[in-house]
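What follows is a single structure, written as structure tokens, with notes after it.
Values below: every heavy atom of this structure, side chains too, minus hydrogens, waters and symmetry copies. Each ligand, and each atom within it, is numbered from 1 in the order the structure gives. If you read the sequence from its start, that first residue is 1, and numbering goes on from there.
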Amino acid sequence: MDNTNDPSLKSWIKVEEGSDFPIQNIPFGIIQRKDTSPHVAVRIGNTAIDLFILAKSGLLDASGIKPEIFNNDILNPLISLGKPYWRSLRKIISELFEVNNSILRDNKALHNEILISLDEVHMLLPIRIGDYTDFYSSIEHATNVGIMFRDPANALLPNWKHMPVGYHGRSSSIVVSGTDIYRPKGQTKADNDELPKLGPTKQLDFELEMAFIGGKKTELGTSVSTDEAEDHIFGMAIFNDLSARDIQKWEYVPLGPFLGKNFGSSLSPWVVTMDALEPFRTAGPKQDTPILPYLQFTGSRNFDIELDVFIQPEGQKPLQVCHSNFKYMYWNMAQQLAHQTVNGCNINAGDLFASGTISGPDAGSYGSMLELAWKGTKPLKFHDGTERTFILDNDTVIMKGYCVKDGLRIGFGEVSAKILPAK
Ligand code: CA
């Protein structure tokens with residue numbers, strides 16, 4: 001931790017009480033203003049700070065980053081520079097916007113161009129995602145799914161406590177928060193049907209996940225140790241990995257998830273750096289089965305991130321359906337990266353690694369409708385008296401993530417997706 005994390009730090013930019021984005025956060029995103037090209041930005045309170053214009057003014061020169069890096073519709077070129085650059089940039093921004101620093105504060109002529117109200121920008125998908133890996137690292141989620149679909153006595157498969165199980169997903173359908181998603185069509189086969197049918201999914205689900213963004217490329221044939229792993233992580237965002245359970249159930253044997261998982265997944269637009277999350281580091285669950293040396297780690301590698309999920313039927317108030325926490329993850333991100341690369345698989349800046357559904361120990365903390373409504377047996381009741389076992393057309397799913405400790409709140413904002421009827 002350095003003084004960018006100091007809870008007493010204040011900015012000369014207005015930050016509302018309870019905001020996810022105090023000066024200790026400084027998340028990165030891509031803003032699009034009317035009539036200009038997209039630029040890299042950071043956020044304090046409800047103000048976006050255009051880093052291309054700021055860099056052109058010379059005030060970011062000490063970072064050693066050329067202004068053109070910020071004249072971009074993706075963060076990848078910035079991420080590719082490596083951690084020393086992001087860290088130095090974060091420090092310079094923290095100092096520039098600190099309440100007692102007059103350099104930019106009193107240069108009002110620059111404010112118009114550099115400081116933009118969030119109402120005036122459109123947020124773009126911040127990363128050009130190369131490869132996308134989806135893990136399955138919550139023990140509660142894996143256990144619940146095992147109980148529902150296989151055998152309560154042997155809910156976890158034999159490999160589960162020996163490796164962070166995952167699969168390679170598809171990046172083309174990952175979209176930024178606020179993008180509508182069409183209900184997918186696909187093959188399904190009910191247990192008592194003889195043949196499969198094609199039609200819209202009847203079991204559309206959300207998966208509450210956090211994603212981390214690969215921050216440093218590696219060479220094919222090399223591996224990343226758990227000790228080095230955090231140098232390869234740029235930051236984190238909230239991820240809703242929408243899933244069609246009936247399509248998934250029929251297609252997934254023997255090669256795993258396919259079309260039930262790649263019709264749309266939503267990412268929150270602001271990427272929170274690992275430096276901003278440092279004060280919220282915490283120990284994970286005890287791993288009670290001996291693990292191979294390449295998965296062993298030192299220190300606290302989990303993060304205490306509160307997670308809320310809401311479903312908002314059209315014309316109604318959102319109903320909170322889940323409160324969970326990232327700290328429940330059995331496998332941590334360092335172990336996931338070590339496992340991903342143990343065979344020599346290379347990673348690139350801008351790769352996306354999702355945690356898998358994050359469920360906690362109690363029923364209100366389950367991170368999917370499948371678990372919350374327990375395979376359709378416990379429907380959720382909504383404000384208007386309607387019930388849901390899965391997501392209905394025109395519902396909007398909203399997920400929020402935030403950390404709170406010692407009076408400091410660092411958040412991710414939200415990721416939302418409205419479900420439209422099948423095309
Ligand atoms: Ca998933």
Shortest-distance N/O/S atom, E209 versus the Ca ion (ligand 1): OE2
Any idea which N/O/S atom from D134 gets closest to the Ca ion (ligand 1)? OD2
Would you please indicate if the ring centroids of W86 and F28 are separated by under 6.0 Å? no
For the ring pair F212 and F353, is the centre-to-centre distance below 6.0 Å? yes
Identity of the N, O or S atom of E207 lying closest to the Ca ion (ligand 1): OE1
Tell me, please, whether F382 has R388 positioned over its six-membered ring: NZ or CZ under 6.0 Å from the ring centre and within 45 degrees of its axis? yes
The Ca ion (ligand 1) has as its nearest N, O or S atom from D241 the atom OD2
Any side-chain donor-acceptor pair under 3.5 Å between E228 and S225? yes
